[in-house]
Amino acid sequence: MKSNALTGLREGAMRLDSSRSLLIRLLMLAVLVLVPPMVIGSYRALDNFKRGLGPEMDLKAAAIARDLVAQLERAVGFGIPVDKLVGVDEFFAQVLSANPEIRYLGITDAKGDILFLRGALSEQLNDAYRGRSGRALDDSGLKANIADFVDLALPVHVRDVPVAQVHVGFDQDYVAAQLFGIFYDIAVVLVVSLIIAFEVLLFVVVFNVSGPMKLVAEVVAHARRGDFTRVPGITSADEVGHFVRIFNSAMRQVDGAYRGLMAYIDEVRSGHFDREVAGQVSEIADRVRFLFRFHPSGAPLVLREKLSSDVRLPLFLFIFAEELSRAFMPLYAQALPSPAGWLLTPELLIALPIAVFMAGIAVGSLWAGAVTERLGSRKVFQFGLAPAVLGCVMSGLAHGVIELSLWRGIAGLGYALVTVACQSYISKTTVDSNRATGLGSYVGAVLTAAICGTVAGGVLAERIGFGPTFFVSTALILVSGWLLSHLLAVVDHGAPVAAPVPSGRPLLRIFANWRFTVLVLFAAIPAKMALTGYFFFLVPLTLWNSDHSLAELARIMVLYPLVMLAVSSQSTRLADQMGWRIGQVALGGLIGGAGILSMLAFDGTLPLVIGIVCLGVSHGMSASPQLAAIPDICWIECNRHGRTQVLALLRTLERVGSVIGPLLAAAFLLHWGVKGAVIGLGAVVLAMAAIFAMVAGAYGSGPHLETEEDVP
Amino acid sequence: MIMRRLLLGAVLSAVLVPAALVPAPAWAESPARSPAKPYRIYMALWRGWEDAAQGFKDYFTNQNIPVELIIRDAGQDRAKLPEFVAEAKQLGVDLVFTWGTTVTVDMLGTYDKVDPAKHITDIPAVFAIVSQPVGAKVVPDLASSGRNIAGTSYLVPMDTQVNLLQSYRPVRKLGMVYNPLEKNSLVAADELRELGRKNGYELAVAPVDVVDGKPVVESIARKVRDLKQDGVDFLYIPPDTFLNVNRDVLTGAALAEKMPSFAAAENPVLSSKAMFGGVYRYYTVGQLTAYKAEQILVHKKAPADLPIDPPRRLSIIINMPVVRALEFYPPMGLLSLAEVVDNGAEVRQ
Amino acid sequence: MSWSLARKVSAALIAILVCTMMVTALFGFFKFQDVMSELVRSRYSFVAFTIKQKVEDSLNLGFALRQLRQVQETIELEKARDEQVQGIEIFDAKGEILFNSDRGRIGASVPENWLLPLSAASLQPFAVLDEDSNVVGLPLVNNLGKVEGAVVLLYPTGYVERELGPMLWRLAGEIAGLVGVFSLLTVMVASVALGAVRQRLHVMEHALLLASGGEAPLADTAAVDEFDGHFGEFVAKTREAVEHIKASTDEVERLDRLA
């Protein structure tokens, strides 16, 4: 271990002020302690369960065998010779199809020769049956293991003379195989646990080690040049805290010595009669001040910098909680009683909770931006937590679709406030140079939370039901809120940045910029329509209708964030390298629309899987280039109103698509059924993407303002 | 003048002496929750008290529905029927039960010719054992009578019979001996031939000889032999009055020729040597008719709302001694559904 | 107890481990219970079905349900065959119990909710939950298509737990042991994994203490190359500052004393 540490020291492989190397070690630790117990535990459980099922299987086999014996005794009692029985095969087939755990049924004569057998080959059983011929069976029969089967034999009597035996063979692995259905659930739990472990460890490392050490590094960077004006303000009981205390005592020792010297000098200067001495002493003071810098206030400034990554874990938990209901929201709405009326068709009512949630987000974020500027992230966050919790818990208690929609709208409001507060916290705590990393961390947390939330929600809802899943969400939101309110402590929100109240009218002139308008109408809006109308609404409904369980449904739906996560990291790099942003946006749109339309070509689940993957590719490909293209195509407006304002406008406008999506899909659903609705929505999305692709060619021509400005 | 007598709860003999009108004690045990007056039902029979009437009566007993049955037997005399109509009206009964096509048509009229003076119109009625309710114009449609009557049908549809026959053993050549003078049998032959085209069998028919306008009993055995030589593997016995009377001759001949037989009526199987049959038992039909009456009387349903249908479950009857003699065993599935006639004795071939 | 880094990391990981294992165990248990009770239910449905067939065969012969005296023997036989069966009952469409393996209950009425499945148009098997019994039932239909009543079979709820309780507890114990072992392992491995951090912090602390003490030769402390090698510079600078200020103080003192 010591050598390990020394190697680390020598090669500089691990830096305490960066989380990466330490995190990798700890992740390996997490895998080590999470995976083996899960595997061992599952294996032991399966083994025990299998043995536990045994006696019950015997009883079932005996019940069936007794009934067969009764029917055979009746037939044979009528004088039908056992070997001349007719239609035994069909008769057995019925019993076998009604009892899938029974593998075969057979009749042997008194000598043990097989007369009838269905479900197995006679070669498999012949020897075993012949081997025991002549042995009389009592009424409880004989149980034996033959090859992979458990064979139960009961005697058939006619007038107390045994004439035949009925054999019921069952397969213990059949029911055990049913238990394997839990395998996917366990895999999901394991993956989600590992991701949560990653997030938690990242948090622990950043909060306890790399964060404080970054602060120390900053102080060190100043102090090594003689600047002793600040000390890291860290108080923790762990090793880092201990180190910082010693570090600070060293700093304070220097500072104290300086203060002592200065006080002494002042005393000498004021109290000494000799002018010359006073001058000399002043010179010494000047020399020390020239060589070293100390804080003028009399003590070093205590640094308490907050890091953008502090917010990552709570944000992760919050999004995780919100995404739990993703896979089943339309199904939940479908299951609730709905007061279908003149305008509110059942289809529309199912779409309503999603649409209202989206509308809540749209309204919430319009408003949250301005409020955050005035109140600061912490307040807005706390403010947003209330509707988020209320919306979530009441969604679980809702009695009807309308009520559910109302609560979803309120939850959407909370969602918007919380996410905007987190975003603004990140941009506050980062400077331009590391803002990209900060926002990357935000997007990363959102996507991993979406992955975990979607699958975990499906599994959870299947086990505990829709309502209780919302309560789990609520608990998670509360945990996230508790963490955040501790972390988002005082963040200096300096002077309000030029109070950019969205000065409506002038900004609206941006629509005169056709490039912007086209981008909004034919790229941003259809992308959101596809997301909410297709992915959030139609996909769960369609999968559910084709008899997929909730857990399966969630496992299919998780493809979207997975693919998106994979594609987006690559596409951002591609966009930066090739500068082909508009093209990427256009291509992304076409892929998404075409993917949804694969419903035309295939049946079953396949087109949905294709559609989801294509949508993931599409959004992963076009989301960030779309934003990155804004400064290019709206150079004047960005300069005039600020880039943030223009981006906020784009975000707000595309949310119109989010609201329209499910409603449009519901309208299609009403007229054309599920398949027709998917095709209809796909056609709309593809058509809009095609228009954008055609117009996109013109983006490069005409008066075009290049800027060197790059978006993070 | 109609005589009346006490109606006992016990099973009555088939020959019915016109009864006195006294409440029957059979439902004396009925629970106290229905102290209401018993429903009065006028039963008009054609040829005495038989299974359908018994089933009708037993249903009320079993269901604890208090009824007072006024039983009249026409004794196959059509002239008595107008008297019955008049009496039923005069008594002001709650419901009328009619047995057979003749009684039903004469007492209730056909749907296109109802005369309130001659027919019962205001009192709801249920009919049973009408072989062609639509053909006899009792109802325009089996879904609804469209008037104040309801009823049951009792003939097994021919395709059901063929399916049942085929489920015993697929048949390639089906034989049928019949009386050419009975129209029912001719219709049956046509239907069987038609179904044979769909079900992949051939129908061979052998009409019994007719001398002086009368079917000859002695020709039956020869006809069966002819069919056997013709390669027939299953004999169909139609619901033919002549063959019903001479069922022992017919089924005996079939057994002698080692030919399995299927009967469309219960008698050849139950009391002769036909191998098996699929029928709606009169008793069951009577119960179903009583069930319709219950719907009307107790549950206050309009008779026109009740469909005219047969019982749900067919009675499959297997004559085990014949099966053993033929060594032609029924499939297990069929056996488990069937009622088996087995007196334990072996039959003579 | 102070929260060292290793303890914090271990606590986080153990919390996740415990939660994960608990969730997995619960899911596993529910699934097992599902499969098991489905198996039990299908067996009892089968038994009820054989009784239903016998009864309906008799109904087809035209007997009334309450007349089928031999059914009483059938159900008593079936009940005697399986001690887990709490009872088998046959009741009519009005809910009056006509036959019961417990003869004392004959004539009593079944709960209202048992009659609901009979009024449904479908003649499907049904399952209801009584206070402490699972009930599987099948409607009895006569050949008129009329529901005459139903046969129900009662078996205890918690059948699975009772039959397999010891096995499940043993399994739970095994899993708890597993969690315990791996928790210990977590604590040990975390302390090893964080050893490097501790070590380096310690080296830096040592360097700082030496520097402020001013006794050690500078060469030693300069070797600490933490923070891109800046730490060494920092230590040197600190020492320089301390020494410089000390020298300056001495000088001031000298000047002060000169007077």
Side-chain angles (χ1 to χ4, degrees), chain A residues 1 4-5 8-9 14 25-26 29-30 33-34 37-38 40-41 44-45 48-49 52 56 59-60 63 67 175 178-179 182 185-186 189 193 196-197 200 204 208 217 220-221 223-224 226 237-239 243 246-247 250 253-254 257-258 261 264-265 268 272 274 277 280-281 284 288 291-292 463, chain C residues 2-5 8-9 12-13 16-17 20-21 23-24 27-28 30-32 35-36 39-40 43 46-47 50 164 167 171 174-175 178-179 182 185-186 189-190 192-193 195-201 204-205 208 212 227 230-231 233-234 237-238 241-242 244-245 248-249 251-252 255-256 259:
Chain A
M1 191 214 91
N4 209 2
L9 277 176
M14 187 171 78
R25 267 170 202 238
L26 292 181
L29 169 63
V33 300
L34 285 177
M38 286 281 276
I40 299 170
R44 291 291 306 146
N48 270 302
F49 288 172
E56 189 51 42
L59 289 172
K60 176 82 188 276
D67 184 58
V175 176
Q178 284 190 304
L179 284 174
I182 196 83
D185 289 357
I186 291 178
V189 171
S193 294
I196 292 176
V200 169
V204 167
N208 290 298
V220 165
R224 75 186 175 97
D238 58 19
E239 293 90 331
F243 165 73
I246 290 177
F247 180 88
Q253 194 189 359
V254 179
Y258 167 77
L261 173 64
Y264 193 16
I265 287 173
V268 170
H272 211 280
D274 192 338
V277 170
Q280 279 174 333
V281 174
I284 293 171
V288 172
L291 285 173
F292 309 104
R463 298 276 163 234
Chain C
S2 74
W3 282 93
S4 70
L5 282 178
K8 284 181 185 172
V9 168
L13 278 178
I16 292 172
L17 174 68
T20 306
M21 291 300 275
V23 168
T24 313
F27 280 8
F30 285 144
K31 179 78 181 181
F32 174 64
V35 170
M36 184 76 182
L39 196 60
V40 173
R43 174 161 64 90
F46 186 83
V47 171
T50 58
L164 300 166
M167 186 271 273
L171 190 61
E174 265 179 50
I175 287 174
L178 211 57
V179 169
F182 276 87
L185 192 72
T186 309
V189 179
V192 172
V197 175
R198 231 177 9 245
Q199 187 73 13
R200 299 172 65 146
L201 289 170
M204 288 197 284
E205 283 174 16
L208 277 173
S212 55
F227 307 118
H230 295 165
F231 191 73
E233 290 175 32
F234 162 77
K237 198 71 177 178
T238 311
V242 170
H244 188 95
I245 291 171
S248 302
T249 311
E251 203 181 335
V252 173
L255 286 171
D256 190 22

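Chain identifiers are assigned alphabetically (A, B, ...) following the order of the sequence lines, protein sequences preceding nucleic acid strands; residue numbering begins at 1 within each chain. Since we're looking at a predicted model, the values are computed, not measured.
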Can you tell me how far apart CD (A:Glu56) and CE (C:Met36) are? Round to the nearest 0.5 Å.
4.5 Å
Using the side-chain contact (heavy atoms from CB on, under 4.5 Å) rule, pick out the option among C:Val9, C:Val192, C:Leu185 that qualifies with A:Leu29.
C:Val9
If you take all heavy atoms of A:Val254 and C:Ile245, which pair is closest and at what distance?
O-CD1, 3.9 Å
Value for OG1 (C:Thr186) from CG (A:Leu34), rounded to nearest 0.5 Å, stands at 8.0 Å
Between the CZ atom in A:Phe49 and the CE atom in C:Met167, the distance rounded to the nearest 0.5 Å is 6.0 Å
Can you tell me if C:Glu251 uses its side chain to pair, donor with acceptor, with the backbone of A:Ile284 under 3.5 Å?
no
Based on non-hydrogen pairs under 4.5 Å, which of A:Val281, A:Asn208, A:Val288 is most in contact with chain C?
A:Asn208
Which atoms of C:Val23 come close to chain A, meaning under 4.5 Å heavy atom to heavy atom: side chain ones, backbone ones, both, or neither?
side chain
Distance, nearest 0.5 Å, that separates CG of A:Leu59 from CZ of C:Phe46:
13.5 Å
Please report the shortest heavy-atom distance between C:Ala12 and A:Val200, naming the atom on each side.
CB-CG1, 3.7 Å
Could you grab the distance from atom CG of A:Leu261 to atom OG1 of C:Thr249, nearest 0.5 Å is fine?
4.0 Å
Chain A contact via C:Phe32 - which portion, at a heavy-atom distance below 4.5 Å
both
Find the one option among C:Lys8, C:Lys237, C:Glu174 whose heavy-atom pairs under 4.5 Å with chain A are most numerous.
C:Lys237
At a heavy-atom separation under 4.5 Å, does A:Val33 approach chain C through its side chain, its backbone, both, or neither?
both
Side-chain heavy atoms of A:Pro37 within contact of C:Val179, under 4.5 Å:
no
Which of C:Leu13, C:Leu5, C:Ile175 touches chain A most, by non-hydrogen pairs under 4.5 Å
C:Leu5
Taking the side chain from A:Glu239 and the backbone from C:Arg198, do they hold a donor-acceptor pair closer than 3.5 Å?
no
Examine whether an atom of A:Val204 lies under 4.5 Å from a heavy atom of chain C, and if so say whether it belongs to the side chain, the backbone or both; otherwise answer neither.
side chain
Heavy-atom closest pair (C:Thr20 atom, A:Ser193 atom, distance to 0.1 Å) is OG1-OG, 2.8 Å
Under a 4.5 Å heavy-atom cut-off, does chain C meet the side chain of A:Phe292, its backbone, both or neither?
side chain
Contact summary for A:Lys60 and C:Leu39, nearest pair of heavy atoms:
CD-O, 4.4 Å
Taking all atoms of both residues into account, what is the closest heavy-atom pair of C:Ala193 and A:Arg25, and its distance?
O-NH1, 3.4 Å
Considering all heavy atoms of both residues, which atom of A:Gly41 and which atom of C:Leu178 are nearest to each other, and what is their separation?
N-CD2, 3.5 Å
